[in-house]
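For reference, the structure is listed below as structure tokens.
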Amino acid sequence: MADIEPAPPARFDTLPLDAKLLRAVADSGYLTMTPIQAKAIPIVLQGRDVMGAAQTGTGKTAAFSIPLLQRMLKHENPSVSPARHPVRALVLAPTRELADQVADNVKKYAKHTQLRSVVVFGGVDMKPQTAALKAGVEVLIATPGRLLDHIEAKNCVLNQVEYVVLDEADRMLDIGFLPDLQRILSFLPKARQTLLFSATFSPEIKRLAQSYLQDPILVETARPNQTASTVEQRFYGVDDDDKRAVIRQILKDRAIRQAIVFGNSKLGVARLARSFERDGLRTAALHGDKSQDERLKSLDAFKRGEVDLLVATDVAARGLDIADLPAVFNFDVPFNAEDYVHRIGRTGRAGASGLAVTLVTKSDARLVADIEKLIKRKIELDSFELDNDRPRFERRRREESPEREDRPQRATSPALRAPVASADPFFDKPYEASSRDEPPAWEKAKAAAPAAKGLSSYIKPKKQVAALFGGGKKPAPAES
DNA sequence: AAAAAAC
């Protein structure tokens, strides 16, 4: 196990890449590599297994797809008849939209080569996918469920796969995906090059990943789990009833052109989207209860700027590349701290600036403490002063009335701009240390973790919640 | 406390 030294900024054309790939990179407008690309591409070209950790929005997709295409061009597998066109590279992603996006990137970099790629995911007709697979593709990009369908239908054979990539690898290795993932991997040759990429890797997942890699090299360009420094992060202590008004006011005060609003549940997201729509904001919803057609339409309309707000579950938290997105709102604090890092990573991409606002209610204290530990940064909880802070029943009435132009407009509250101490001592309670505080211990990880011992071996231990809530001050809800 | 991923 070796780590590598930081490389100086370098141009793509200094790499030993086929002219066809260099031309595609140039066509894309890229000249110099990002740090993760500069570090990872040479290692992937050597044929080594890689675990790559880099901040959101720093070009991980290119960091694996360009060198993989290069290897496929240069290292023909002699045991395979070229006429059979077996799948040689497999890329797995945790959501359909992300798989689609990765496939777009692969196609872009492969466009001057003979290498063909196809993406398969659920929610859409299998027939076109089947036809493409049967015609033969070298690169297959997929979500797990639909891929297993195609395997069982014998639409594709994976016993010649030479390269495997797990995009958002920590998600692919988590409990919800692991059974499907293991089944897929069981169809692949043991001798292959495996690449794992994500912005977040917990120590547990790093250990688990060892059993899927051979003599890997860790490539990281920053401490993993780190948020982009170009994102301004704000946390506001609010009441549930005020959340929508707070978001609307921030949008107005800061003249925010477009934003994603994340919620924790599909139903909540659907309702919230309707509410913003009633407020006159052009809104689209994105969650797993919508048809795939609707999902793609929502995302597309948002990317084209035809809607102002995309209200989404964590289906949109990871990987999606939306150019110049100015802001992300967490209407709900995410259940997993890792998802906080991914959600706010939709803004501030490629060095741009961005705003990430998280709305915090009293019941979220533990979740916020988790985030604070993960990103290793003190979180200041600000109070928020609504412009029209009249009694609630009247505010409700005014919000429901169609003519809203006559609403009194006050200058931006200074509380919007400057962090202030929490108004509520509840939020100043210390939090419990958690397993996230363990040092990465990458060097020791391999020796310490022989093989995966079953799922329970990496499930995070439950933390002591009571201390966070003032020693049981808060009455426990009956259903929990 | 949820979401995601197959039909």
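Predicted model only: the values in this text are computed from it and were never measured.
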Atom [atom1] of [X] to atom [atom2] of [N]: distance rounded to whole Å?
X: A/R171; N: B/dA5; atom1: CZ; atom2: P; answer: 11 Å
X: A/L92; N: B/dA6; atom1: CG; atom2: P; answer: 11 Å
X: A/D125; N: B/dA6; atom1: CG; atom2: C1'; answer: 14 Å
X: A/Q292; N: B/dA4; atom1: CD; atom2: C1'; answer: 12 Å
X: A/F335; N: B/dA2; atom1: CZ; atom2: P; answer: 6 Å
X: A/R366; N: B/dA1; atom1: CZ; atom2: C1'; answer: 10 Å
X: A/F262; N: B/dA3; atom1: CZ; atom2: P; answer: 14 Å
X: A/D332; N: B/dA2; atom1: CG; atom2: P; answer: 11 Å

Does any donor-acceptor pair link the side chain of A/N336 with the base of B/dA2 at a separation under 3.5 Å?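 Yes, the side chain and the base share a sub-3.5 Å donor-acceptor pair.
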Only one of A/T358, A/I247, A/L359 forms a side chain to side chain contact (heavy atoms under 4.5 Å, CB included) with A/F329, so which one is it?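 With A/F329 as partner, side chain to side chain contact (heavy atoms under 4.5 Å, CB included) holds for just one option, A/I247.
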Distance-only side-chain donor-acceptor flag, [X] / [Y], under 3.5 Å:
X: A/Q182; Y: A/Y212; value: yes
X: A/Q292; Y: A/R295; value: yes
X: A/N155; Y: A/T130; value: yes

What closest approach, in Å, do A/H287 and A/V269 show between heavy atoms, and which atom pair accounts for it? CD2-CG1, 3.8 Å
In residues 263-270 of chain A, which residues come under 4.0 Å of DNA chain B by heavy atom?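 Output list: A/N264, A/S265, A/K266.
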Quick one: label A/R318 by what it contacts on the DNA or RNA (base, sugar-phosphate, nothing), any heavy atom closer than 4.0 Å. nothing
Does a side-chain N or O of [X] approach OP1 or OP2 of [N] to a distance below 4.0 Å, or not?
X: A/T313; N: B/dA4; result: yes
X: A/R295; N: B/dA5; result: yes
X: A/R96; N: B/dA6; result: yes
X: A/T143; N: B/dA4; result: no

Any idea how A/F197 and A/F64 line up, ring-wise: parallel (<30°), tilted (30 to 60°), or perpendicular (>60°)?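 Judged by the thresholds at 30° and 60°, the geometry between A/F197 and A/F64 is tilted.
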Do any pairs count as a salt bridge (Lys or Arg N to Asp or Glu O under 4.0 Å) and have a residue in residues 306-321 of chain A, sequence neighbours left out, and if so which ones? A/E168-A/R318, A/D170-A/R318, A/R282-A/D308, A/R304-A/E306, A/D314-A/R343, A/R318-A/D339, A/D321-A/R349
